[in-house]
Every structure is written in structure tokens, then in C-alpha cells.
Amino acid sequence: MIDMRLIRENTRDVQTSLKQKGVDFDLNIILNLDEERRDIIQKVEALKRQRNTISKDVGIRKKAGQNADNLIAETTSINEDIKSLDAKLGELDDQIKTFMLQLANPAHFSVPVGHDASENVVIKEWGKRKIFSHKALDHLELGEKLGLFDFQRGTKIAGPGFPLYTGLGAKLERSIINFMLDFHTEKHGYKEIFPPFVANSKSMTTTGQLPKFGEDMYLAGKDELYLIPTAEVPVTNIHQEEIIPVDEFPVKYAAYSACFRREAGSYGRDTKGFLRLHQFNKVELVKFTHPDESYNELELLRRDAEDILEALGLEYRVIDLVTGDLSFSAAKCYDIELWAPVEEKWLEVSSCSNFEDFQARRGNIRFRPNGGGKLQFAHTLNGSGVATPRLLVALLETYQTEDGHFKVPEVLVPYMGRDLI
RNA sequence: GGAAGCGUAGCCUAAUUGGUAAGGCAGCGGUCUUGAAAACCGCCGUCCGUAAGGACUUGUGAGUUCGAGUCUCCCCGCUUCCGCCA
């Protein structure tokens with residue numbers, strides 16, 4: 001949520017940065033409602049003041065054994081006016097809140113201005129291009145040959161997009177997850193979290209999935225619980241409605257979760273294999289920071305994700321998303337993409353974002369600044385560290401041997417208990 | 001699923017038959033002091049207002065009332081017990 005004061009006092013800047021983000025919404029709609037709201041507040045508060053004064057007098061008179069009927073009569077019309085003004089005020093509040101919850105987070109000034117993904121800026125490339133001297137298999141051919149997964153049966157059980165990992169494929173998946181969790185907790189100082197895989201609508205509102213993107217999620221309607229699209233949701237909501245002691249900053253959590261996405265509207269895109277799924281595994285990194293530190297922490301967060309890919313020896317590049325490609329809640333975001341040498345495509349495996357106080361406002365996540373003073377909203381960040389399906393694609397394609405086997409990357413050998421599949 | 005109890009500000013705790021939220025701790029500013037402590041004063045939840053000031057706030061929402069922490073109802077959460085169950 002954007003600070004109403006910022007909209008009021010800095011309308012033009014907010015309007016501009018929303019436009020750069022591709023949001024076509026006239027802030028005057030909100031400003032007019034806000035003005036009307038404040039006008040009514042003044043009127044209704046004056047009336048309430050009158051009523052309070054009279055009530056006090058009634059109490060005094062009654063205590064003294066005097067009659068107060070004429071005073072009580074006075075309140076009748078005042079109360080009627082208050083009631084109707086309060087009702088109007090409630091409506092305005094609802095309207096304003098509805099608009100505010102649907103307004104995207106403006107981009108940070110450092111974000112390059114651009115319309116869509118085609119204008120994104122590559123800011124870093126790492127690793128050596130894999131060149132095959134033999135005919136290489138793509139990840140599906142290799143995986144099926146080695147019996148690592150079974151998409152047909154996964155589809156039978158749940159439908160397309162729900163992968164079934166089998167045998168050493170299942171173990172490889174589990175090894176990757178364990179490796180990433182150990183890496184982030186032991187080397188990068190994150191606290192491990194194992195969160196619920198469902199969340200209620202309030203939690204979904206905090207992180208920004210609701211109210212706008214409900215269609216993208218699975219809903220267990222009977223209990224009004226959503227399947228989480230990312231561990232960002234439960235982990236960010238750990239401190240919902242809380243005050244974080246300032247000396248605990250930065251709070252760093254690493255969480256594995258399965259992620260569920262309906263992918264409504266993307267049918268027919270990337271349907272092949274692991275490129276786009278309804279259920280996938282991901283280790284998510286979440287940070288709560290002091291506002292002064294969040295952009296520094298974003299860089300560190302990105303490094304932590306990159307570190308995983310370097311440990312696995314995979315070629316990657318980092319993208320600085322332009323304003324038009326930023327997600328609803330993000331003020332700034334880096335994508336990290338892996339090179340799939342057979343597909344010959346860049347695959348997004350991580351998004352590292354700073355949400356500034358956008359989520360903290362929605363979830364009321366605060367801290368008391370050093371030296372005292374008013375409670376302030378914390379900054380929240382998160383990044384994938386990383387998602388497994390596309391990582392698996394890059395791994396299988398990169399580490400295949402000439403005779404159609406898979407050479408287990410060194411860091412995964414202890415987890416797999418073998419160096420070849 | 002059933003029963004009982006509880007929910008007051010960052011934390012802790014009060015509030016007669018309904019009379020308009022008292023205090024303590026922590027924190028911030030100030031007075032005093034060489035400095036600190038103590039003591040004292042102010043601030044210490046949200047909103048409106050340039051300000052003076054005012055309104056709101058006892059988990060949420062509604063109702064009764066001139067007036068609700070207090071009475072009534074819905075809902076939410078927590079605790080304990082019972083039932084069911086991995």
C-alpha cells in the first residue's frame with residue numbers, strides 16, 4: 001500500500017512512477033475521495049464533541065439528583081446526524097481502501113524506465129557457455145531415459161503441470177532442496193523456516209496476491225485457504241501485526257515450500273516439461289530490514305542466490321527489470337536466469353525484489369527506530385534461492401555425459417551418495 | 001466437533017449499580033547536573049486540523065443507552081479440558 005500522505009503531497013511523482021509501471025489510474029479519484037473524507041470527519045467530529053459535552057452534563061446532573069430530560073432531548077437530532085455522517089464516512093473509507101489495495105507499488109528511482117521485458121537490462125553474466133561435442137539430449141529425453149520423472153502419470157493423478165518425480169529423480173530433487181537450504185543457513189546466515197503451504201486471505205493481502213490476483217491461486221473454498229504460490233507469503237506474514245526489535249535487523253529467513261500456481265491465462269505457453277508448472281519446489285529467501293538498509297540488502301540477497309548457481313557451476317545472467325516489467329508489489333527487482341544449453345534459452349530461476357514498505361503497510365509490520373520515536377514500517381525483501389524445475393532443466397542439460405547419463409555436480413554428491421546417474 | 005475461560009497501548013497491569021480508560025516498566029525530549037543516576041515536567045496508539053484544539057481507540061463488527069472496557073448478539077484469536085485422529 002502506498003502512503004496516502006505521499007499521494008497527497010507528491011501526487012505528480014507518484015502518478016508518473018505509476019504510469020512508468022504501466023498503471024493507468026488517475027490519482028485524483030483517490031484524492032477527491034480523501035478530501036471528501038476529511039471534510040466529513042471535521043463535521044462529524046464537531047457533532048461528537050457536542051454530544052460528549054452534553055453527555056457529561058447529563059451525568060453531572062443525574063448525580064446531583066436533577067432532571068436532565070431537556071439535555072437528553074437535544075442529543076436526538078445530533079445522534080441522527082452523526083449516524084448518517086458516520087455511515088457515509090464508512091463508505092468512503094471502504095472505497096479508498098479498495099483503491100489503495102489495488103494500486104501497485106511505484107518503482108524505485110534506480111529502476112530503468114521501460115515498457116516491457118524486451119527492454120530489461122542485462123547487468124551481469126557469469127559462467128562458461130557449454131558446448132557439446134556430441135548430440136545432446138534435452139532435459140525431457142534425458143530424464144525419461146534415466147527414469148527421473150513421469151509426466152504422464154503425474155497428469156493422471158492431478159492433471160498437467162503436476163510433476164511426478166521418481167526414483168533417483170525424486171532423490172535428486174530432494175538433494176537440491178537440502179543443498180540449497182544448508183547453503184543459505186550455514187553460509188549466508190539465514191534462519192530455516194518450514195512454513196504452512198496454505199495461507200488465509202489476510203496473509204495473501206499483505207504480500208499483494210490479493211485482492212487483485214486471486215485468480216492465479218488455488219483456493220480450498222470450504223476453509224477459505226489459498227495454496228501458497230510462494231513461501232514469500234507465509235514467511236513474510238510471520239511478523240504480520242508485529243513490532244520487530246530494531247537490533248534484530250536484518251531478519252533473514254530461508255524456507256522451502258511447494259508452490260502452487262494456476263497459471264491462468266498462460267495455457268499453451270511453455271507447456272513442455274518443467275518450464276511452467278502448477279506445482280513446483282522452491283527455496284525462498286525473505287528479509288525484513290531497516291528502511292536505510294533495504295537496497296544494500298537487496299544486493300546481498302541477489303548475491304546469495306547467485307552463489308547457489310556458482311556452486312553448481314551453471315551459466316547465469318542477471319537482469320535489472322524495467323519499470324514496465326516490475327510486479328505489482330515490487331519497487332525494484334532483479335531476475336536471475338540460467339542458460340539451458342540444449343533448449344538454448346535463458347530460464348528464469350529467481351526474482352529478487354525489494355518491496356520497501358509496501359507489504360509492511362498492508363501487514364502492519366513495524367519497528368521502533370533507534371533513539372526512540374514513532375513506530376515505522378519495516379522494509380521487506382525476498383528472492384528465490386532458487387526454484388528447482390528450471391534449475392533441474394539446466395542441470396540435466398549441462399551435466400549430461402556423452403553416453404546419456406547425468407554427472408552429479410560435486411556439491412550434490414554428498415546428498416545423492418553417488419556421482420553418476 | 002463439544003465445554004469453560006480470556007483478549008486493555010511496545011510490555012505489564014487497574015477501572016464501584018454503565019458516568020467517559022488510572023497506573024507501572026521500557027523508550028524519547030526537557031529541567032537540574034562537570035557527567036551520570038535520582039527527582040520533576042512533557043511526549044510515548046490512530047485520524048482531522050497551519051495551529052489552538054478536537055475526534056476516535058479496551059480483538060473485529062453490530063445493538064441497547066444521553067453515555068459502553070462494563071450489558072446483549074455475530075465473528076476472530078489464544079488458553080485449558082473433553083472427543084476424534086497422524
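Every chain is numbered from 1, with letters handed out A, B, ... down the list of sequences.
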Acceptor/donor pairs from residues 176-186 of chain A side chains to any protein atom, 3.5 angstrom cut, sequence neighbours excluded:
from, atom 1, to, atom 2, distance (Å)
A:Asp182, OD2, A:Tyr415, OH, 2.6
A:His184, ND1, A:His188, ND1, 3.1
A:His184, NE2, A:Gly385, O, 2.8
A:Thr185, OG1, A:Leu181, O, 2.8
A:Thr185, OG1, A:Asp182, O, 3.1

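- Comparing the P positions of B:rU79 and B:rU8 gives an interatomic distance of 14 Å, to the nearest angstrom.
- Every residue was checked against the salt bridge (charged side-chain N to carboxylate O under 4.0 Å, His left out) condition with A:Glu80, not counting sequence neighbours, and none meets it.
- Annotation: B:rU70 and B:rA15 have their C1' atoms spaced 9 Å apart (nearest Å).
- With sequence neighbours left out, the salt bridge (charged side-chain N to carboxylate O under 4.0 Å, His left out) criterion links A:Asp3 to A:Arg361.
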What protein N or O atoms touch nucleotides 65-67 of chain B N or O atoms at under 3.5 angstrom, if any, and at what distances?
from, atom 1, to, atom 2, distance (Å)
B:rC66, O3', A:Asn79, ND2, 3.4
B:rC66, O2', A:Ser55, OG, 2.9
B:rC66, N4, A:Lys62, NZ, 3.4
B:rG67, OP1, A:Asn79, ND2, 3.4
B:rG67, O4', A:Ser55, OG, 3.3

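- Closest non-hydrogen pair, A:Val58 versus A:Leu71, comes out as CG2-CB, 3.9 Å.
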What N/O pairs connect the protein and nucleotides 9-17 of chain B at under 3.5 Å? Give each pair on its own line.
none

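- Note: CD (A:Glu9) to P (B:rC48) measures 10 Å, nearest angstrom.
- Following rounding to the nearest Å, A:Leu47 (CG) and B:rC48 (P) show an atom-to-atom distance of 19 Å.
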Protein-nucleic acid N or O pairs under 3.5 Å, nucleotides 57-60 of chain B:
none

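- Atoms CD (A:Glu35) and C1' (B:rC47) sit 17 Å apart, rounded to a whole Å.
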Check nucleotides 50-55 of chain B against the protein and report each pair of N or O atoms closer than 3.5 Å, with its distance, or say if there are none.
from, atom 1, to, atom 2, distance (Å)
B:rG54, N2, A:Glu45, OE1, 2.8
B:rG54, N2, A:Glu45, OE2, 3.3
B:rG54, N3, A:Glu45, OE1, 3.4
B:rA55, OP1, A:Asn52, ND2, 3.3

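- Spacing of P atoms, B:rA38 relative to B:rA21, comes out at 30 Å, to the nearest Å.
- In this entry the distance linking CD1 of A:Ile40 with P of B:rC47 reads 18 Å, nearest Å.
- Shown here are the side-chain contact (heavy atoms from CB on, under 4.5 Å) partners of A:Lys145, two or more places apart in sequence or in another chain: A:Leu137.
- B:rC47 atom C1' lies 15 Å from atom CG of A:Leu92, rounded to whole Å.
- Put simply, CD1 on A:Ile82 is 17 Å from C1' on B:rA62, counting in whole angstrom units.
- Listed in residue order, the members of residues 1-8 of chain A having a heavy atom less than 4.0 Å from RNA chain B are A:Arg5, A:Arg8.
- Residues meeting the side-chain hydrogen bond (donor to acceptor under 3.5 Å, both in side chains) test with A:Glu242, sequence neighbours left out: A:His239.
- To the nearest whole angstrom, the two P atoms, one in B:rG42 and one in B:rG24, are 12 Å apart.
- Pairs passing the salt bridge (charged side-chain N to carboxylate O under 4.0 Å, His left out) check and including a residue from residues 199-212 of chain A, sequence neighbours excluded, read A:Lys202-A:Glu241.
- The P atoms of B:rC25 and B:rG7 are separated by 24 Å, rounded to the nearest whole Å.
- Atom C1' of B:rG27 sits at a distance of 15 Å from the matching atom of B:rG45, rounded to the whole Å.
- By the salt bridge (charged side-chain N to carboxylate O under 4.0 Å, His left out) test, A:Lys171 pairs with no residue at all, sequence neighbours left out.
- Spacing of P atoms, B:rG59 relative to B:rU72, comes out at 15 Å, to the nearest Å.
- Comparing the C1' positions of B:rC28 and B:rC76 gives a spacing of 35 Å, expressed to the nearest Å.
- No more than 12 heavy atoms of other residues, nucleotides or ligands sit less than 6.0 Å from atom CZ of A:Arg153.
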